Amino acid sequence: MKNPFGDQQIPGSSENIKERIYKKMSGSVYDQILGLLQSSYEKALDEENVSLSRPERKRLFHQIVKMLTDDILKRIG
């Protein structure tokens, strides 16, 4: 990253800005998104009266999260 104020040292520049921001965001954002996905998934299963075994529930959840993630990446790309 180039410092707009000349050759002065940028505080914390030894670590990539992308990595620093990722570290600050990742924990709380991950927990919030995962919680939202899980609660929405459980609600949808209840509304559809779907009865699945634990492995089937987990596999379906992973498939749906992948579909959602792919869709989100297409929309922001």
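Hydrogens, waters and symmetry mates are skipped; everything else that's a heavy atom, side chains included, is used. If you're wondering where the values come from, they're calculated on a predicted model, not measured in any experiment.
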Donor-acceptor list for residues 42-51 side chains, cut-off 3.5 Å, not counting sequence neighbours:
{"residue": "Glu42", "atom": "OE1", "partner": "Arg57", "partner atom": "NH2", "Å": "2.3"}
{"residue": "Glu42", "atom": "OE2", "partner": "Arg57", "partner atom": "NH2", "Å": "3.4"}

Open item on the list: Give me each pair satisfying ring-ring contact (aromatic ring centres under 6.0 Å, His included) with a member in residues 33-69, each pair once, sequence neighbours excluded.
Closed with: Tyr41-Phe61
Scan the side chains in residues 25-39 for donor-acceptor partners under 3.5 Å anywhere in the protein, sequence neighbours excluded, and list what turns up.
{"residue": "Ser26", "atom": "OG", "partner": "Tyr22", "partner atom": "O", "Å": "3.2"}
{"residue": "Ser39", "atom": "OG", "partner": "Gly35", "partner atom": "O", "Å": "3.1"}
{"residue": "Ser39", "atom": "OG", "partner": "Leu36", "partner atom": "O", "Å": "3.1"}

Task: Rounded distance [0.5 Å steps], CD1 in Ile72 versus CZ in Arg75 - done: 8.0 Å
- [ ] To the nearest 0.5 Å, tell me how far Leu68 CG sits from Leu73 CG.
- [x] 11.0 Å
Task: Non-hydrogen atoms of Asn16 and Lys18 that approach each other most closely - done: OD1-N, 2.8 Å
